Asks: 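I have a structure here, written as structure tokens, and I will follow up with some questions on it.
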Amino acid sequence: MLNKIQELKDAIEALQVSSIEEIEAARIKYLSKKGEISLLFNDFRTVPNELKREIGQKLNELKTLATDKINSLKASFEDSSDASAGLDLTRTSAPYTIGTRHPLSLVKEEIISIFSRLGYTIAEGPEVEDDWHVFSSLNFAADHPARDMQDTFFIQRNPDILLRTHTSSVQSRVMEHTQPPIRIICPGRVYRNEAISYRAHCFFHQVEGLYVDKGVTFADLKQSLLYFAREMFGPDTKMRLRPSYFPFTEPSAEMDISCDLCGGKGCNFCKHTGWVEILGCGMVDPNVLDACGIDSKVYSGFAFGMGIERIANLKFRVKDLRMFSENDVRFLEEFKSVH
């Protein structure tokens, strides 16, 4: 991989173009989702642990080099063009409306960026799942309330098929086919049979994380989440963990952060407690590891999960979660300045 990185670096440094179309072609070749640099990032998961730091740093430098080179070529080409050639007669009489990225996309990519700096890679899975990956492999008892029709959308003709209620199903799929070390985050949309209101919806978005290796402890979990909280909400953010229960983790905890609106002094937003809940977490239950083919006597791990709408609500103070899915242009235009 180091040889490939060096080859791409040399090619990018020597890149020359003669038109704006060639600049765009170069951008697609190197920086698009299926570009050569993106493919190297996809192969990063196969890199041995002892080389991840070195190769990860060189990959980031390569991506920065390509981005700067493309931007430099674009700027030089635009500067050399004749701006006084006249009016563009193909333009409409009305001004162009500047679009914006959806707030959930902004928050999701920020979460992914933070955990990618800790060495996590992205894993994805189907939204239409089977009972094994959503419930049974994750230590849900046969009579667990989450299996009830009131919480889960089942396929009527096949009760074993359902819309996933959490992205933990992606974790079980990865553990079935991958031996530790495993360090992944699983962003995606999930579905639950709930009444739609200002604080709940029948579909929403999650980012869950999983780390499995030898010697993983609760201290590792706490430090990872503290890093995330301070990167997302500011360096002065404090956190606390409260005991909780989840079928797939033991011990389990709910994570709160200090309210950044009042600085932890207490306000209406945090219900005068000074704390705001943001996610659930815990050590992976040994039953889950064994069910997925990983020896729980050798390996341990932790998992966490958060709602993207919840994090977006904390960052942007959106009082009604329904606004995220109603595509009201007036609401979306409020995020033009967010990058």
Side-chain angles (χ1 to χ4, degrees), residues 1-47 51-81 88 90 96-127 167 170 173-174 178 183-189 205-209 231 308 312 324 327 332 335-339:
M1 180 176 285
L2 288 174
N3 292 336
K4 181 62 176 178
I5 293 174
Q6 186 61 44
E7 291 177 5
L8 290 178
K9 181 179 179 181
D10 295 339
I12 292 170
E13 289 176 340
L15 180 64
Q16 294 183 352
V17 297
S18 59
S19 67
I20 194 68
E21 289 78 14
E22 292 182 4
I23 296 176
E24 179 61 13
R27 187 195 67 79
I28 294 174
K29 178 180 179 181
Y30 295 112
L31 295 173
S32 66
K33 291 184 177 180
K34 295 184 179 179
E36 295 188 25
I37 296 178
S38 298
L39 294 177
L40 287 179
F41 273 95
N42 291 337
D43 294 337
F44 182 72
R45 69 187 66 182
T46 64
V47 174
L51 297 178
K52 281 186 179 292
R53 183 181 183 88
E54 177 187 0
I55 293 180
Q57 182 177 357
K58 290 186 178 298
L59 281 175
N60 289 330
E61 292 174 352
L62 178 64
K63 185 175 181 180
T64 300
L65 172 65
T67 302
D68 292 342
K69 182 69 173 182
I70 296 297
N71 292 337
S72 175
L73 290 172
K74 187 180 297 184
S76 62
F77 188 85
E78 291 173 351
D79 291 342
S80 64
S81 63
D88 183 0
T90 63
Y96 287 105
T97 300
I98 299 176
T100 180
R101 306 191 72 180
H102 196 281
L104 294 183
S105 297
L106 293 170
V107 172
K108 182 184 74 172
E109 293 194 1
E110 185 173 0
I111 295 172
I112 291 174
S113 175
I114 292 172
F115 282 106
S116 67
R117 297 197 289 272
L118 291 175
Y120 287 79
T121 58
I122 298 175
E124 296 179 336
E127 296 181 7
T167 55
V170 181
R173 284 186 174 272
V174 171
T178 308
R183 186 181 290 164
I184 58 170
I185 51 175
C186 313
R189 183 160 50 187
H205 302 78
Q206 285 185 332
V207 173
E208 299 196 25
E231 289 291 300
I308 299 178
F324 287 124
N327 294 324
L332 299 177
F335 300 91
K336 283 183 178 180
S337 60
V338 180
H339 60 276

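Residue numbers count from 1 along this sequence. Since the structure is predicted, the reported quantities are computational estimates derived from the model, not experimental observations.
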Asks: Ignoring hydrogens and geometry, is there a side-chain-to-backbone donor-acceptor pair from S19 to E22 under 3.5 Å?
Replies: yes
Asks: Which pair of non-hydrogen atoms, one from S38 and one from L31, has the smallest distance, and what is that distance?
Replies: OG-O, 4.1 Å
Asks: Taking all atoms of both residues into account, what is the closest heavy-atom pair of I70 and R27, and its distance?
Replies: CD1-N, 3.9 Å
Asks: Please report the closest heavy-atom contact between A123 and V174, naming both atoms and the distance.
Replies: CB-CG2, 3.9 Å
Asks: At their closest point, which heavy atom of I308 faces which heavy atom of L104, and how far apart are they?
Replies: CG2-O, 3.7 Å
Asks: Using only atom types and a distance under 3.5 Å, with no angle test, would you say the side chain of T167 pairs donor to acceptor with the backbone of G188?
Replies: no
Asks: What heavy-atom pair brings V207 and K108 nearest, and what distance separates the two atoms?
Replies: CG2-CG, 4.5 Å
Asks: Evaluate side chain to side chain contact (heavy atoms under 4.5 Å, CB included) for R183 paired with T121, printing each intermediate quantity in order.
Replies: CA-CA 7 Å; R183 186 181 290 164; T121 58; over 6 Å; no
Asks: Is the shortest heavy-atom distance from the side chain of L62 to the side chain of L40 under 4.5 Å?
Replies: yes
Asks: Could you give the distance from CD (E231) to CD (E110), rounded to the nearest 0.5 Å?
Replies: 9.0 Å
Asks: Assess whether atom NZ of K69 is packed by more than 12 heavy atoms of other residues, nucleotides or ligands within 6.0 Å.
Replies: yes
Asks: State whether the number of non-hydrogen atoms from other residues, nucleotides or ligands found under 6.0 Å of R53 atom CZ is greater than 12.
Replies: no
Asks: Using the salt bridge (charged side-chain N to carboxylate O under 4.0 Å, His left out) rule, take K58 and E61 through it: C-alpha gap first, then chi angles, then the decisive distance, then the call.
Replies: CA-CA 5 Å; K58 290 186 178 298; E61 292 174 352; 5.1 Å; no
Asks: To the nearest 0.5 Å, what is the distance between CZ (F115) and CD1 (I185)?
Replies: 7.0 Å
Asks: Going from OG1 on T64 to CG on L59, what distance comes out if it is rounded to the nearest 0.5 angstrom?
Replies: 10.5 Å
Asks: Going through the distances and angles, do E208 and V170 end up as a side chain to side chain contact (heavy atoms under 4.5 Å, CB included)?
Replies: CA-CA 9 Å; E208 299 196 25; V170 181; over 6 Å; no
Asks: Distance-only, no hydrogens or angles: does the S113 side chain make a donor-acceptor pair with backbone N or O of E109 under 3.5 Å?
Replies: no
Asks: Return the NZ to CD1 distance between K9 and I37, rounded to the nearest 0.5 Å.
Replies: 12.0 Å
Asks: Quick check for you: to the nearest 0.5 Å, what is the distance between L15 atom CG and L8 atom CG?
Replies: 11.5 Å
Asks: Flag yes if more than 12 heavy atoms outside Q16 fall under 6.0 Å of its CD atom; otherwise flag no.
Replies: no
Asks: Between L39 and N42, does a side chain to side chain contact (heavy atoms under 4.5 Å, CB included) hold up when you go through it step by step?
Replies: CA-CA 5 Å; L39 294 177; N42 291 337; 4.1 Å; yes
Asks: If you define the side chain from C-beta out and look only at heavy atoms, does anything of I184 sit under 4.5 Å from T178?
Replies: no
Asks: Atom SG of C186 and atom CD1 of I112: how far apart are they, to the nearest 0.5 Å?
Replies: 10.5 Å
Asks: Closest approach of F335 and T100, non-hydrogen atoms and distance?
Replies: O-OG1, 3.0 Å
Asks: Looking only at atom types and distance, does a side-chain atom of H102 sit under 3.5 Å from a main-chain N or O of F324, one as donor and one as acceptor?
Replies: yes
Asks: Apply side chain to side chain contact (heavy atoms under 4.5 Å, CB included) to the pair D10 and E7, showing each step before the final yes or no.
Replies: CA-CA 5 Å; D10 295 339; E7 291 177 5; 5.8 Å; no
